[in-house]
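Single-structure report; data block below.
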Amino acid sequence: MGVHGLATYLRENLRVLSAPLILSHDQSKSKPTTPLVVDGWSFIYELHNQSRLPWVYGGELGEFYDLVTRVVRAWISVGFEPHFVFDGPYRPSKFATSAIRMTQSIIQPSLLFFRTSPLSRATPRFLRENSVLPPLYYAVTLAALRSLNETVKVLMADDEGDPFAVELAARLGGYVTGRDSDYVILNIEGYAGYIPMDQMVWSTANSQEIEEEGQMQDDAGFIVARKNKARGLANGTNSPFQGIIPPDTASELSLNCVIYTPAVLAAHFQISISLLPLLGALIGNDFTADRRPISNLFFERGMTVSQRVARVANVLKSATAIATGTSPKKKARHQISSVVDFVDLTIESLLIRPTSMGSDERESIVEKTVEAALQYAIPKHPDRDEGAKFSSLPCPLHGADSCPLLVSLSRHTSDHPVENENEPQMHVRSLYLSAYRSGHFSPGLMDVLTTGTAWPDLFLEHPDVETVSRSLGRPIREWVYAILDDGIGLVEHGTDPERDGLGESEADQESDGDEVIDVVEEDSDGDMGSDNPLAPLQGALEEFSVGTKPPSTSSRASTSRSRRLKHVIEYVRRGIRHVEEPVSVPSLASLLSSHNIGIDDEKDLEIWPFQLRDEEFRLAVFLRALGSNTRLVKALPSEYLMAAVSLRWTVSRLTIRADEVRPSVEREKEKWTVREAQAFLASFSWPSLPKREILLAEPSGPPPENRSVQLSAQIFATIDAIEMLSQTLLLTTKVPNPASMFSGRAFHHTLASGETLDAQHIPSGLWDACAEGLEGIFAPEKDRKRKKDRNSKESHTKPGQGPAAHGTRGQGMFDILTGLSEDGV
C-alpha cells in the first residue's frame, strides 16, 4: 500500500533516513505519554501476518481478540497513548484500486486454493503464501479495543484514513504507525513522523544485559548488530521479538522504533517538501491504478523499485533547477508558469525514449498525475483550534461546516429550507453519525449513503458457483437499502448505472482540473521563495484543501419517500472477477407487504421512519425480515441472537434456492444438515459453557475440505449482511456480533471428526430456537465412511483372508488415485 517501492527504499536507506525512538516501562513512569495514532487496518493486517493464526478455517477470533488487547496494553505500558483510526467510506478515485486489490488478495488466492489438490493446499507454505484475511477480524478488533475502556481512543475517518491519521497526529503532536509509505509523503505542521509497524523491536529486562554487552554505535548513532551468543540469534532484524507482538513475559518491556519524517526524505532527495506528493504520484500510488501501463514509459523493464524511486527523485530535482533557471546544462523550452507546465516538464524528462504520444494522451497523463498528487492534500480548516485535541461530535477534528463526511451526508437536505417534514430525516442523520463515530455504524454503510456503492466482504468460496454475497447476502442488503432510503435518502445515480460504478463523482465530472490546479498564491511561504514557479503546486494543494465543496446533486423531494427508481452498485465476485452490479432499491412498503409485516399506523410511519421507533418495534422488524420472529428466538439472550438468526437465514435461504430450481443437484448439495448446523453453534466459546478443549490429530488443524470451506463462506456472508441490517436499525447493543467467541478451527474439526454434540457444546435452548419452524428442511446426513474401491485387492479378498501386502504395495498408481475421495461442495 502507499507509494510503490518507497517502503523498500526506506528500509534500504534506513541509516540515512530514520531516527531511533526507545520507550521503556521505567521511562513511562516519569515522562508524559507519547501520542501514537494507529492505522487500524494496517494494525489488523500486521497482527494477522505476525500471529500466524490459522486463517483458512475462518479465523481463530478469540485468540485474535486476546492478541489485540495484549499488543495495546504493551504499548501503553511503555508510554504510548494509542489512538486508532479506521478508514471511512471509499473515495470514488480509489474504486479502481480497491477492486483490483480485492481481486488480487481474495479472489485469485481463492481460485488457486480450489484448483490445488487437498494435500498440497494444506501445507504451511501454501497457506502462508496465499493467506486471505478472515472477514470478521474488523468486528473482533473493535470489540477488543472497546474492552479497554477509556485507555484507547477509536476514531472513524471521514473518508481516506491516511490524511485523517496524520492530521490527528499533528493535532496531538505525536506519531503515526502503520504499514503504508504514504505516511512519509503526507505532511502537516506538528506531525512528528511515521513509525513502521514491522520495524518495531521489543526487548525485555532479562535480555537487556545481553544486548548491552559490547554495544557499539556507528557514526549515525545506531547500534551495531552483534551475534547473541546466549540464544544464537542476532539482535536487530533477526530478533525473536521483532514486530508489534510483545514477548509473553512478566519482565518489564522496552520498545525500539524507527522514525521517518517527510522533511528528512525531501532533504535526502534535495527537493522541496511540497513536491513529495508529486513524487508519489509519478512513482505510482493507490490512486493511479488505471495509469500503471504508463510506468513502462518512465522506467526500464529491469529497474528495481528502489531505482525507480531514485530516478523520479533525480528527475524532480533536475526539473526544479530547469524551472527556476538554475540549471547550467538545460533551459526550459517555454516558460513554466503553472503547475501543469511543471508536471508536463517532469513527465517529458521521465520518458525513457521518444514516443509518438498524442497531445490528448499527454494531457490525460498530466491530469491524472496532478489528481493523484492532490489526494495527499490535508484540509486546512479555518475553525481549527490549535490548542484543542478533539472537537465535539459529530466530527472529532473538524467543525460542522467543514467536516467532509457531514457535508456529504447533508447534501440531500442542504438545498431545501429546514421544514417540519425534514426534521426526522435530520434526526436520523445525527443518530447515524454518532453511531459511526463510535464504531457502531460501519464504513460500508457510509459507502451506501455517500457514494451509493456497497462492498460486501469476500472470503474463500468455490469459484464455480454463485457467490454467496449475492445468493445469501443480497436479499438482506435490499432491506438495508430500503430502510436507509426511507430514513435519510440514498444517492441518485445517473441514467446509466453501469457507468457509475468505477467512474468519477458528479463534482469531478463537472469541474475543470486545470481550473482547480492552476492557483497561484500571492503570498507563498514555500521554501523556495515567492518568485518560485513551483509555488503553484503548493498553492494548489492549499487551495484544494480550503476550497473543497460538496458535490452538486439534483434537487430532492422533501421526504425520502421518493418514487424515483434508485439503485446501489454492489461490487461482488462473478466467476474469477470482481465486478459491479447495480441493484434496484425496493420501496420499504413493498418489502413490508411481501413479508406480511403490518404497521399499526401507516400515516405515522410516513412521518417517523423506523430508525426513530422504539427498540421493540425495530427488533420485531429485524426478526420478521429475517424469518426469525418466533417465540423461542425472541426469548434468547442478546449474545445468542446474531448466531441464531444467521444460521436460520442460511439454512432456510438455501432450501428456498433448492426449491426454486428443480431438479438441481448442485443446489441440493448446498443445503445444511442438522449436524453441520449444530457444529456451527458449538464453535463458539459461549460464556455459559465450560471451555472446550479440542484435541487435534494434526498440529495445524484438520485438512480444509471443500464443503467445510463453502459452509464457512455462506455463514460469514450472512453474518456480514445481518450486521449491516442490525446497524441500520440501530440494534447493535441488542444484537451484538459474537465473532470474538468463534473458532473456525473448532468448526472444521467438528465437521471432519464426526464428534457427537451434546448439551456441553451448545447452550440450553439455543438449538431449539434455531430449529423452531425449520423442521424438515435440513438435508439428510451424509455417510462419511470411505467407500471401498472395487478394483482394489481388498475388495477381492476372501472372507477371513488378510490383505496380500501392507500399505499400498501391490497396487498400481491408478488404484491409489481412485481410492482417494473428495467431498463435494
Side-chain angles (χ1 to χ4, degrees), residues 3 6 184-187 262-285 287-288 291 294-295 297-299 308-355 357 359-377 512-545:
V3 180
L6 183 55
V184 195
I185 303 295
L186 292 158
N187 187 46
V264 172
L265 182 65
H268 173 72
F269 289 142
Q270 299 180 29
I271 61 175
S272 166
I273 196 171
S274 63
L275 290 179
L276 288 180
L278 184 57
L279 173 80
L282 289 170
I283 298 172
N285 57 22
F287 301 96
T288 59
R291 201 209 62 183
I294 305 300
S295 299
L297 303 176
F298 294 165
F299 310 111
R308 294 186 177 195
V309 173
R311 169 173 165 75
V312 174
N314 290 331
V315 168
L316 277 175
K317 177 183 174 182
S318 302
T320 300
I322 295 174
T324 56
T326 59
S327 175
K329 298 181 179 180
K330 189 175 182 180
K331 302 295 181 182
R333 296 181 181 178
H334 53 81
Q335 184 178 3
I336 308 299
S337 58
S338 68
V339 175
V340 173
D341 292 339
F342 179 75
V343 174
D344 186 69
L345 171 65
T346 307
I347 290 177
E348 181 182 0
S349 303
L350 271 175
L351 293 174
I352 56 179
R353 60 183 60 89
T355 178
M357 186 185 303
S359 58
D360 291 342
E361 187 178 359
R362 178 82 162 264
E363 182 179 348
S364 175
I365 296 175
V366 172
E367 180 181 355
K368 290 182 179 180
T369 301
V370 176
E371 288 177 356
L374 288 176
Q375 301 300 325
Y376 292 107
D512 184 353
D514 293 347
E515 183 180 17
V516 176
I517 297 166
D518 292 338
V519 178
V520 181
E521 298 248 337
E522 294 182 1
D523 297 323
S524 174
D525 55 355
D527 42 33
M528 297 181 63
S530 58
D531 57 345
N532 173 25
L534 301 182
L537 179 60
Q538 184 175 4
L541 295 175
E542 296 175 354
E543 182 67 17
F544 176 83
S545 304

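The backbone N or O of Phe298 sits less than 3.5 Å from a side-chain atom of Arg311, completing a donor-acceptor pair. With hydrogens and angles disregarded, no donor-acceptor distance shorter than 3.5 Å links the side chain of Asp344 to the backbone of Val340.
Put simply, the side chain of Ile347 reaches to within 4.5 Å of the side chain of Leu282, judged on heavy atoms.
The heavy-atom pair separating Tyr376 from Leu186 by the smallest distance is O-CD2, 3.2 Å. Taking all atoms of both residues into account, the shortest heavy-atom contact from Ala319 to Thr346 is CB-OG1, 3.8 Å. The two residues Ala372 and Asn285 make their nearest non-hydrogen contact at O-ND2, 3.8 Å. Minimum interatomic distance between Thr369 and Ala281 (heavy atoms only, all atoms of both residues): O-CB, 3.4 Å.
Distance check, rounded to the nearest 0.5 Å: CD1 of Ile273 to CG of Asn187 gives 4.0 Å. Put simply, CD on Gln375 and CD on Glu371 are 7.5 Å apart, with the number rounded to the nearest 0.5 Å. Residue Ser318 holds its OG atom at 9.5 Å from CG of Leu345, rounded to the nearest 0.5 Å.
Here the options are Ile271, Ile185, Leu316, Ile283, the test is side chain to side chain contact (heavy atoms under 4.5 Å, CB included), and the partner is Leu278; only Leu316 passes.
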Item to check | Step-by-step side-chain contact (heavy atoms from CB on, under 4.5 Å) determination, Val343 to Ile365 | outcome: CA-CA 10 Å; Val343 174; Ile365 296 175; over 6 Å; no

